[in-house]
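Have a look at the structure below, then the notes.
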Amino acid sequence: MEAWQKALLAWYRAQARLLPWRGEKDPYRVLVAEVLLQQTRVAQAIPYYRRFLERFPTLKALRGAPLEEVLKAWQGAGYYRRAANLHRLAQEVEALPRSYAELLKLPGLGPYTAAAVASIAFGERVAAVDGNVRRVLSRVFALENPAPKVLWELAQGLLPEAEDPGAWNQALMDLGAEVCLPRGPRCTACPLEALCRGKEAPERFPRPRRRRVQEEILAALVLLGRKGVHLERLSGRFQGLYGVPLFPLAELPQRAEAFGVRPQPAGEVRHAVTHRRLRVQVYLAPWDGEGEDPRGRPLPKLMEKVLRQAQALLAHEGVVPLPHAKPQGVEPF
DNA sequence: AACTCGGGGTG
DNA sequence: CACCCAGAGTT
């Protein structure tokens, strides 16, 4: 093993973050952690990791649960397809396969997650390239925009021969998360400083991805029935979750007519989704239908905001549609 | 290769 | 604000 590899592992042993899944070898638990961590910060994932495993401690428990229960456990974590894929995966296999190639075939497992599970839970010698590793390697080798395949082959070639590949992968990720930061990297504290070719201008590597943000103006129609608010199963965005009807603002007249209601404006909520800013005009109307208590359903954060906004207007007018509203989480109407 | 999918932290 | 986060799936 080369000196710099030894240096990184020594740094990792001394500086590794203490995380709930550190040292975990149960492949199911490793999988849940890795899926939750897809495009999600460690601090945000931790409470979901605990809650999800408490609710679904084994693959079998997950398999036996209704999808809606799984989505409810995922509520607020975002990228809800991840939860649906986990649930589907649990139906498809009796136990998790033990190789990278087989794991890669499962729904929701791409090159990163398959490699993470294979290396951490099963000790397979395969590189896991996440955003951290991409940044670390881009800087060490001064690459502005490396292709994923190039990066994977590079990372694969760096894996030490006789070390725990799971620990190695996590060492690179921790280095990216704690030292080789996107902005303001702490190069003087880096065990790879001596060999890093990008350290003179670390923020050039990799080149930032510029995404244009566009605004979208929508309307949310909160219909108050006899037992609560009208909810529908959402499709497209927030697939599989529930919420009040949400549509482009221009469609409000025909939507209102279809429900036979006269909506009144109830304010606006703002919500950001990937490279898009949503401005949602909230409309409220009494409705000749039943409706239901939204707390029983998995709701995206946007719908929590919409319902809170509607609730605020109702409270201001002294209207209490349901007598036993509890001041916790989403209000029931 | 480019787009889509949530939500939140940070400079 | 912009950019990023232990990415994957689709077009």
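Letters A, B, ... mirror the listed sequences (proteins, then strands); counts begin at 1.
- Of the side-chain N and O atoms in Arg82(A), none sit less than 4.0 angstrom from OP1 or OP2 of dG9(C).
- For the ring pair (Phe, Tyr, Trp, His ring centres under 6.0 Å) test, residues two or more places apart in sequence or in another chain that qualify with Tyr49(A) are Trp21(A).
- Side-chain N/O atoms of Thr113(A) and base N/O atoms of dG7(C) include no donor-acceptor pair closer than 3.5 Å.
- Cluster membership for Leu299(A) and Tyr79(A), using ILVMFWY side-chain heavy atoms within less than 4.5 angstrom, is not shared.
- Within the structure, a side-chain polar atom (N or O) of His271(A) is placed less than 4.0 Å from OP1 or OP2 of dG7(B).
- With sequence neighbours excluded, no residue forms a ring pair (Phe, Tyr, Trp, His ring centres under 6.0 Å) with Tyr283(A).
- Near DNA chain C, defined here as any heavy-atom distance below 4.0 Å, the residues from residues 126-137 of chain A are Asp130(A), Gly131(A), Asn132(A), Arg135(A), listed numerically.
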Would you mind writing out the side-chain donor-acceptor pairs for residues 241-253 of chain A within the sub-3.5 Å range, not counting sequence neighbours?
| unit_1 | atom_1 | unit_2 | atom_2 | d |
| --- | --- | --- | --- | --- |
| Tyr242(A) | OH | Glu68(A) | OE1 | 3.2 |
| Tyr242(A) | OH | Arg233(A) | NH1 | 3.0 |
| Tyr242(A) | OH | Arg297(A) | NH1 | 3.4 |
| Glu251(A) | OE1 | Arg255(A) | NE | 3.2 |
| Glu251(A) | OE1 | Arg255(A) | NH2 | 3.2 |

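- The side chain of Phe238(A) lies closest to dG7(B) when the candidates are dG7(C), dG7(B), dT10(B).
- Considering only residues two or more places apart in sequence or on other chains, Arg186(A) meets the side chain to side chain donor-acceptor pair (under 3.5 Å) condition with none of them.
- Of the residues in residues 32-44 of chain A, Glu34(A), Leu37(A), Gln38(A), Gln39(A), Thr40(A), Arg41(A), Val42(A) come within less than 4.0 Å of DNA chain C through at least one heavy atom, sorted by number.
- When distances are taken from the side chain of Leu302(A) to each of dG7(B), dG9(B), dA6(C), the shortest belongs to dG7(B).
- Counting only residues at least two apart or in different chains, ring pair (Phe, Tyr, Trp, His ring centres under 6.0 Å) contacts with residues 159-204 of chain A comprise Trp4(A)-Trp168(A).
- Put simply, Tyr80(A) has a side-chain N or O that comes within less than 4.0 Å of OP1 or OP2 on dG7(B).
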Identify each donor-acceptor pair in which a side-chain atom of residues 6-18 of chain A lies under 3.5 Å from a protein atom, sequence neighbours left out, and give them as a table.
| unit_1 | atom_1 | unit_2 | atom_2 | d |
| --- | --- | --- | --- | --- |
| Tyr12(A) | OH | Arg22(A) | NE | 3.2 |
| Arg17(A) | NE | Asp174(A) | OD1 | 3.1 |
| Arg17(A) | NH2 | Asp174(A) | OD1 | 2.7 |

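- With dA8(C), dT10(B), dG7(B) as the choices, the nucleotide that has an atom nearest any side-chain atom of Pro111(A) turns out to be dA8(C).
- Checking dG7(B), dC5(B), dA2(C) against the side-chain heavy atoms of Val213(A) singles out dA2(C) as nearest.
- Applying the side chain to side chain donor-acceptor pair (under 3.5 Å) test to pairs two or more places apart or on separate chains, none has a residue in residues 153-163 of chain A.
- Taking Glu178(A) as the reference, nothing meets the salt bridge (charged side-chain N to carboxylate O under 4.0 Å, His left out) condition, with sequence neighbours excluded.
- Proximity of His275(A) to the phosphate of dT4(B): a side-chain N or O atom is located under 4.0 Å from OP1 or OP2.
- Here, dG6(B) and dC5(C) have their C1' atoms 12 Å apart, quoted to the whole Å.
- A gap of 11 Å separates the P atoms of dA6(C) and dT10(B), to the nearest Å.
- Residue Arg17(A) places a side-chain atom within donor-acceptor reach of the base of dA6(C), judged by atom type and a 3.5 Å distance cut-off alone.
- Clustering ILVMFWY residues whenever any of their side-chain heavy atoms sit less than 4.5 angstrom apart, transitively, puts Ile217(A) in a cluster other than the one holding Met303(A).
- Of the C1' atoms belonging to dC4(C) and dC5(B), the separation is 16 Å, rounded to the nearest Å.
- A heavy atom closer than 4.0 Å to some atom of DNA chain C occurs in no member of residues 90-105 of chain A.
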Could you pull out every donor-acceptor pair under 3.5 Å between side chains of residues 107-126 of chain A and any protein atom, sequence neighbours left out?
| unit_1 | atom_1 | unit_2 | atom_2 | d |
| --- | --- | --- | --- | --- |
| Tyr112(A) | OH | Glu34(A) | OE1 | 2.5 |
| Thr113(A) | OG1 | Gln38(A) | NE2 | 2.9 |
| Ser119(A) | OG | Ala115(A) | O | 2.8 |
| Ser119(A) | OG | Ala116(A) | O | 3.2 |
| Ser119(A) | OG | Asn169(A) | ND2 | 3.0 |
| Glu124(A) | OE1 | Tyr100(A) | N | 2.8 |
| Arg125(A) | NE | Pro160(A) | O | 3.3 |
| Arg125(A) | NH2 | Leu159(A) | O | 2.7 |

